[in-house]
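Numbers here are sequence positions counted from 1.
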Amino acid sequence: MKIGTPAETFEGEARVALTPDSARQLQKLGHACLVQSGAGTAAGFSDADYHEAGVEVVATASELVAASEIVTKVRPPTETEIDLLLKGQTLISFFYPSTNEDLMNVVADKGIVTVAMDMVPRISRAQKMDALSSMANIAGYRAVIEAGNHFGRFFTGQVTAAGKVPPAKVLVIGAGVAGLAAIGTSTSLGAITLAFDVRPEVAEQIESMGAEFVFLDFDQAQQDGATTGGYAAPSSPEFQEKQLEKFRELAPDIDIVISTALIPNRDAPLLWTKDMVEAMKAGSVIVDLAAERGGNCELTVADEKIVTDNAVTIVGYTDFPSRMATQSSTLYATNIRHMLADLTPDKDGTIVHDMDDDVIRGATITHDGSVTFPPPPPKVQAIAAQPQGKPMKEPTPEEKRAREQVEFKEQTKRQVTLLSVGALLVLVAGLFAPASFMQHFIVFVLSVFIGFQVIWNVAHSLHTPLMAVTNAISSIIILGALIQIGSSSMLITLLASAGVLMAAVNIFGGFLVTRRMLAMFQKS
C-alpha cells in the first residue's frame with residue numbers, strides 16, 4: 001500500500017511522521033512511501049534525503065492524499081485536512097479523541113479508519129508503539145535544558161579561585177516517563193535533585209537515578225497508587241493537603257521546579273500555588289510540562305514565558321518535543337513504523353486491521369464508519385498497573401523465619417542427595433581406577449566443592465566488588481598449571497596450557513570489568 005505523509009499545518013510544528021530511515025523499513029514491509037515536499041525540512045530531513053531513501057516527493061497535500069491509502073501525521077487533523085481524506089483510507093496520527101469528539105464523528109462519517117497514536121494501550125507488547133512515552137521522554141529532557149537556559153547559575157557545584165558555587169536544587173514533580181527523563185538529565189548535570197510522586201512504589205526508581213524521593217508524613221495505604229494505564233490515580237483531598245504543605249516547606253530552598261504531573265484527557269492538578277512561587281528565591285525557574293491542560297503551577301500561561309514580580313521565571317511552552325524536531329520525528333516515525341508492522345503481519349504490503357488484537361483495537365477510534373472509542377480494557381495487564389485494593393501485606397518476622405527454615409530444609413535435602421550421588425560415583429571410579437588417579441581426583445573434587453560453596457554463598461550484588469577475590473583464585477590456578485606445564489605427558493601439558501590461558505583471560509577480564517564499574521560512579 002501507499003503511505004503518504006503531508007506537511008504539518010499546525011503553526012510552529014516542526015515534526016514529521018516519516019523519516020528516511022523509517023521509510024526504508026516500511027518499504028521492507030511491502031509499502032510504498034510518499035511525502036509532501038518540504039514536510040521534513042524543519043526536522044532536518046530534506047527532499048533529497050527522502051529521494052535517496054526511495055520516497056516519492058509530492059508537491060501538494062491534496063495530490064499526496066489522493067495518491068495514498070494510508071495517511072500518517074503528527075498533530076490531529078484539521079477540518080480542512082479531513083476534507084482531503086477519502087472513504088476507506090486509514091489515518092494514523094495523534095488525535096486525543098476525548099477532547100476532539102466532534103472531529104472524531106466527522107472522520108467516522110466519512111468512513112475513514114483512524115488509529116490514534118495517543119490511544120496505544122500501555123501493555124508490554126505495545127511499548128515500541130508508545131508515542132506518548134517517546135514524546136514525554138523528550139519533553140522531560142528538554143524541560144531541564146530549557147530551565148538551564150533561564151537559570152543564572154551552574155547546575156553543578158564548583159570550587160573555583162573566585163569562590164565556591166553551590167549546586168542547584170531541582171524538584172521534579174511526577175515520576176512518569178517525562179519526570180524520570182528530567183531526573184536523569186538533572187542529576188547528570190550535577191544538580192541536587194529531589195523528586196515527588198503520589199505513587200510510593202516509584203521511590204526505588206527515583207533513588208536509583210541519584211535523586212532523593214520526597215516522602216510525605218501520610219499513610220500511603222490511603223493512596224490509590226496507579227491506575228490500570230500506569231498513570232497516577234487522583235489523590236484524596238487529605239493527601240493533596242499534605243502534598244501542598246510539603247511543597248510550601250520546600251519552595252524557599254528550590255531553585256528549579258520541573259512539573260510533569262498530568263494524566264491524559266484530564267485537567268492538570270494544581271500543585272504549585274501562587275504563594276509557593278512568591279516564596280521562591282529570585283532567579284528561580286519553573287518549567288510546567290502540564291501547561292497544555294491548565295498547568296500544575298497556578299501562574300502558568302500556556303505557550304508563554306513569564307517573569308513574576310519576585311523574578312521567578314515560569315515557562316509554559318507546550319511544544320517541547322517540537323523544539324527537538326529531529327529526535328522527536330525519529331522516535332515518532334519509529335513508533336508509527338512499528339504500528340504498521342503489526343498492521344502488516346505478512347510483510348506483503350497488505351493491511352490487516354485485526355480488531356481482536358489488543359494494541360490495534362485500543363488505538364483504533366473509528367472503524368467501518370462508526371466510532372469505536374472508548375476501547376474495551378486490554379486482555380493483558382498494563383505495564384505499570386498495580387494490584388487493586390489493599391497493598392500486599394509485609395510478612396511478619398515469624399513468617400519470614402518459618403519460610404527461611406523451609407527453604408533451608410529443602411536446600412539441605414538437595415545437597416545431601418547430590419553428595420550421596422557423588423560419593424557413589426567416586427566409589428565406582430575407585431573400583432576400577434589406579435590409586436594415583438584417585439588421590440588427585442579426590443583433591444580435585446574437594447577443591448571444586450569448597451570453591452562452589454564459597455562463591456555460591458556470596459550475594460549477587462557483591463560479585464563485582466569481590467572480583468579481586470576471584471582474580472586471586474585464578475592466580476592459584478595459574479600457579480598450579482605452571483607447575484604441571486613441564487610434564488612429560490603431552491595431554492597434561494595441553495591441559496595446563498589451557499588452564500593458564502583461561503585463568504589469564506579471567507584475571508584481565510576481571511580488572512577491566514572492575515575498572516568499568518568504578519568509572520560508572522565517577523564524574524568526568
Side-chain angles (χ1 to χ4, degrees), residues 1-10 13-77 81 84-86 88-95 112-118 120 126-131 133-135 138 321-322 324-353 359-360 363:
M1 286 191 171
K2 291 186 176 181
I3 302 171
T5 303
E8 296 296 321
T9 58
F10 189 87
E13 180 57 69
R15 291 172 291 178
V16 64
L18 180 76
T19 64
D21 285 340
S22 69
R24 292 186 182 96
Q25 298 299 321
L26 290 173
Q27 289 164 12
K28 293 179 182 179
L29 297 174
H31 299 293
C33 298
L34 299 83
V35 68
Q36 184 180 346
S37 179
T41 302
F45 306 110
S46 66
D47 290 350
D49 294 331
Y50 286 108
H51 271 301
E52 187 179 345
V55 180
E56 181 183 349
V57 179
V58 181
T60 64
S62 57
E63 292 177 29
L64 179 134
V65 174
S68 305
E69 294 156 292
I70 302 169
V71 177
T72 61
K73 277 181 49 58
V74 178
R75 292 274 183 171
E81 290 173 323
L84 298 177
L85 296 172
L86 305 173
Q89 286 182 323
T90 298
L91 170 67
I92 303 177
S93 73
F94 283 119
F95 205 98
I112 297 162
V113 178
T114 308
V115 177
M117 293 303 292
D118 50 287
V120 171
Q127 290 184 68
K128 59 187 179 182
M129 310 170 213
D130 190 353
S133 292
S134 297
M135 298 302 102
I138 293 172
S322 186
M324 300 185 69
T326 303
Q327 184 67 72
S328 54
S329 296
T330 300
L331 294 182
Y332 181 66
T334 302
N335 295 142
I336 287 184
R337 190 250 299 173
H338 284 304
M339 174 62 74
L340 285 165
D342 271 25
L343 289 167
T344 318
D346 297 326
K347 298 183 180 180
D348 58 356
T350 302
I351 294 294
V352 179
H353 207 100
V359 178
I360 295 173

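Within the 4.5 Å cutoff, side-chain heavy atoms of Thr326 are placed close to those of Phe45. Leu18 has its side chain within reach of Cys33: a pair of non-hydrogen atoms, C-beta onward, lies under 4.5 Å apart. Side-chain contact check for Asp21 versus Thr330: every heavy-atom pair is 4.5 Å or farther apart. The closest side-chain heavy-atom distance from Glu56 to Leu64 is not below 4.5 Å. Counting heavy atoms from C-beta outward, Glu8 and Val16 have side chains that stay 4.5 Å or more apart. At a threshold of 4.5 Å between non-hydrogen side-chain atoms, the residues Glu63 and Gln36 do not count as touching.
Looking at every heavy atom in both residues, Ala42 comes nearest to Ala325 through O-CB, 4.0 Å. Closest approach of Ile92 to Tyr332, counting heavy atoms only: O-OH, 4.5 Å. Smallest separation of non-hydrogen atoms from Ile138 and Pro321: CG2-CA, 3.9 Å. In terms of heavy atoms, Ala14 sits closest to Ser322 at N-OG, 2.9 Å. For the residue pair Ser329 and Thr19, the shortest heavy atom distance occurs at O-CG2, 3.7 Å. Nearest approach of Phe95 to Ala116, heavy atoms of both residues: CB-CB, 3.8 Å.
Put simply, CG on Asp130 and CE on Met339 are 10.0 Å apart, with the number rounded to the nearest 0.5 Å. Interatomic distance, OG of Ser22 versus CG of Asn335, reported as 10.5 Å (0.5 Å rounding). With rounding to the nearest 0.5 angstrom, the CG atom of Asp342 is 10.0 Å from the CG atom of Leu29. Thr72 OG1 to Arg337 CZ: the interatomic distance, rounded to the nearest 0.5 Å, is 13.5 Å. Expressed to the nearest 0.5 Å, how far CG of Leu91 lies from OG1 of Thr114 amounts to 5.0 Å. How far OG of Ser134 is from CD of Gln127: 10.5 Å, rounded to the nearest 0.5 Å.
A salt bridge between Lys73 and Glu81 is present, with a side-chain N of the basic residue lying under 4.0 Å from a carboxylate O of the acidic one.
In this structure a side-chain-to-backbone donor-acceptor pair under 3.5 Å is missing from Thr344 to Lys347. Using a distance-only test at 3.5 Å, with no hydrogens or angles considered, no donor-acceptor pair links the side chain of Ser93 to the main chain of Val74. The backbone N or O of Leu86 sits less than 3.5 Å from a side-chain atom of Gln89, completing a donor-acceptor pair. Under the 3.5 Å distance criterion, the side-chain polar atoms of Gln27 are matched with a main-chain donor or acceptor of Gly54. In terms of modelled atom types and a separation under 3.5 Å, the side chain of Asp47 and the main chain of Gly38 share a donor-acceptor contact.
Across Thr90, Val115, Leu26, a single residue satisfies side chain to side chain contact (heavy atoms under 4.5 Å, CB included) together with Leu340, and that is Leu26.
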Side chain to side chain contact (heavy atoms under 4.5 Å, CB included) evaluation trace for Leu331 with Met135 | CA-CA 8 Å; Leu331 294 182; Met135 298 302 102; 4.3 Å; yes
